[in-house]
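Please read the structure below before turning to the comments.
Per chain, numbering begins at 1; letters A, B, ... match sequence-line order.
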Amino acid sequence: MNTSQIELSHHVPIPLRAIVLSHGWCRLLPLRWDEEEGLLFRTEQLSTQVVELEIRQAGERALDCTVRAAQPLSAADEAGLAARMRWMLSLDADLAEFYRLCQAEPRLAHVPREHKGRILRSPTLFEDTIKTICTTNTTWAQTKGMVGRLVEHLGAQGPLDEHRAFPTPQAIASAGEDVLLGTVRLGYRAPYVHQLAASVAGGELDLEALRTSSEPTAELRKRLLAIKGVGPYAAATLLNLLGRYDHIGVDTWARKLVSSQFHGGQPVTDADVQAAFESFGPWRALAFYFYEWDEG
DNA sequence: TTCCAGGGGTAGA
DNA sequence: TCTACCCATGGA
């Protein structure tokens with residue numbers, strides 16, 4: 001086993017725990033979060049091998065990543081992994097304007113004070129899209145099950161036997177719809193996930209280009225809605241993961257929080273959810289993610 | 001048995 | 001743009 005270290009540093013503090021716990025993704029394979037030790041694990045597939053990542057806080061403005069691999073890493077591998085991790089942890093986000101807005105809201109004052117506001121995402125938009133589709137019209141327990149089975153059955157084996165990487169578009173496409181339905185148990189999502197994987201694997205859809213697109217958010221949203229299985233909720237969630245925070249992905253959970261916090265437990269519409277964070281303008285969704293909700 | 005979960009596709013208006 | 005209806009899955 002070859003072990004190497006990659007250091008990720010930044011000019012501002014980067015609180016690993018706050019980034020990891022920004023939303024539910026840390027509970028979906030191939031990510032694993034060790035709360036006691038403050039360690040983020042991920043099994044990651046490179047072009048030549050699968051590696052095991054272990055990320056930890058290393059001072060206020062730096063993270064250390066231990067990479068375990070069967071074969072020595074090339075310089076290109078290391079640079080590629082560093083870029084993927086910077087994307088995963090949203091280290092490129094400039095939050096100065098959002099922090100100014102947070103100063104006026106007591107329930108968000110912790111955000112600038114504790115240097116929060118970065119959200120956890122997958123290295124590829126492909127993985128984030130499939131995970132988002134697996135959150136629709138189901139419970140978290142089932143989402144974890146669907147994503148877990150996808151990784152266990154179709155992901156490439158890592159250097160530590162027990163863990164696997166997120167499956168490639170090719171792996172999902174070639175597995176076929178029957179496996180996605182019968183083994184992975186994606187339900188009615190199976191044809192959507194298969195079609196997405198096939199179009200990415202076949203080169204008809206360049207999902208990853210959207211990560212660096214400078215198109216207006218409305219145009220980006222249209223592209224996401226064109227994907228079967230992606231509706232208004234999923235599109236908003238994916239836009240958030242692309243660093244466009246002007247629209248909150250409204251699901252039953254968001255409605256419940258906004259209902260109890262702002263409307264005395266009365267039913268709320270999607271527009272009510274957006275309106276609750278209107279003052280945050282293009283930072284609306286980020287304010288929603290980090291808002292300190294009352295218990296219950 | 002029925003309901004519903006961090007919704008979405010489709011048809012029809 | 002809005003509504004009704006259907007969609008697999010599994011826990012309550």
- Message: Under 4.0 Å, heavy atom to any atom of DNA chain C: which of residues 130-148 of chain A qualify?
- Response: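 When residues 130-148 of chain A is checked for heavy atoms under 4.0 Å from DNA chain C, the hits, listed by number, are A:Asn137, A:Gln142.
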
Rounded to whole angstrom units, what separation is found between the [atom1] atom of [X] and the [atom2] atom of [N]?
{"X": "A:Tyr188", "N": "C:dC7", "atom1": "OH", "atom2": "P", "result": "12 Å"}
{"X": "A:His194", "N": "C:dA8", "atom1": "NE2", "atom2": "P", "result": "17 Å"}
{"X": "A:Asp270", "N": "C:dT1", "atom1": "CG", "atom2": "P", "result": "14 Å"}

Heavy-atom check, side chain of [X] versus side chain of [Y], under 4.5 Å:
{"X": "A:Met1", "Y": "A:Pro159", "answer": "yes"}
{"X": "A:Phe126", "Y": "A:Phe166", "answer": "yes"}
{"X": "A:Asp246", "Y": "A:Arg221", "answer": "no"}
{"X": "A:Asp294", "Y": "A:Ser260", "answer": "no"}
{"X": "A:Val258", "Y": "A:His263", "answer": "yes"}

Which is true for [X] with a 4.0 Å heavy-atom rule: it touches a base, it touches only sugar-phosphate, or it touches nothing?
{"X": "A:Ala190", "value": "nothing"}
{"X": "A:Val230", "value": "sugar-phosphate"}
{"X": "A:Ile227", "value": "sugar-phosphate"}
{"X": "A:Arg149", "value": "nothing"}

- Message: Between B:dG6 and C:dA4, how many Å separate the two P atoms, rounded to a whole number?
- Response: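 It works out to 24 Å between them.
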
- Task: Using the P atom on both, measure C:dA8 against B:dA11 and round to a whole Å.
- Result: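 About 15 Å, rounded to a whole number of Å.
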
- A:Glu127 bridged to A:Arg84 by N-O distance under 4.0 Å: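 No, this pair does not count.
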
- Could you give the start and end, 5' to 3', of the contact zone on DNA chain B for chain A, using atoms under 4.0 Å from its heavy atoms?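 Result: B:dA5 to B:dT10.
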
- Are OP1 or OP2 of C:dG10 and a side-chain N or O of A:Arg185 less than 4.0 angstrom apart?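 The answer is yes; a side-chain N or O of A:Arg185 sits under 4.0 Å from OP1 or OP2.
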
- With a 6.0 Å cut-off on ring centres, are A:Tyr291 and A:Phe262 close enough?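 Close enough - the centres of the two rings lie under 6.0 Å apart.
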
- Taking the six-membered ring for Trp, is the centroid-to-centroid distance between A:Trp283 and A:Tyr289 below 6.0 Å?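 Not under 6.0 Å, so no.
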
- Is there a donor-acceptor pair under 3.5 Å between the side chain of A:Arg56 and the backbone N or O of A:Glu37?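 Checked: no pair found.
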
- Report the residue (A:Lys228 or A:Thr237) whose heavy-atom-nearest nucleotide on DNA chain B is the more 5′ of the two.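 Closer to the 5' end of DNA chain B: A:Thr237.
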
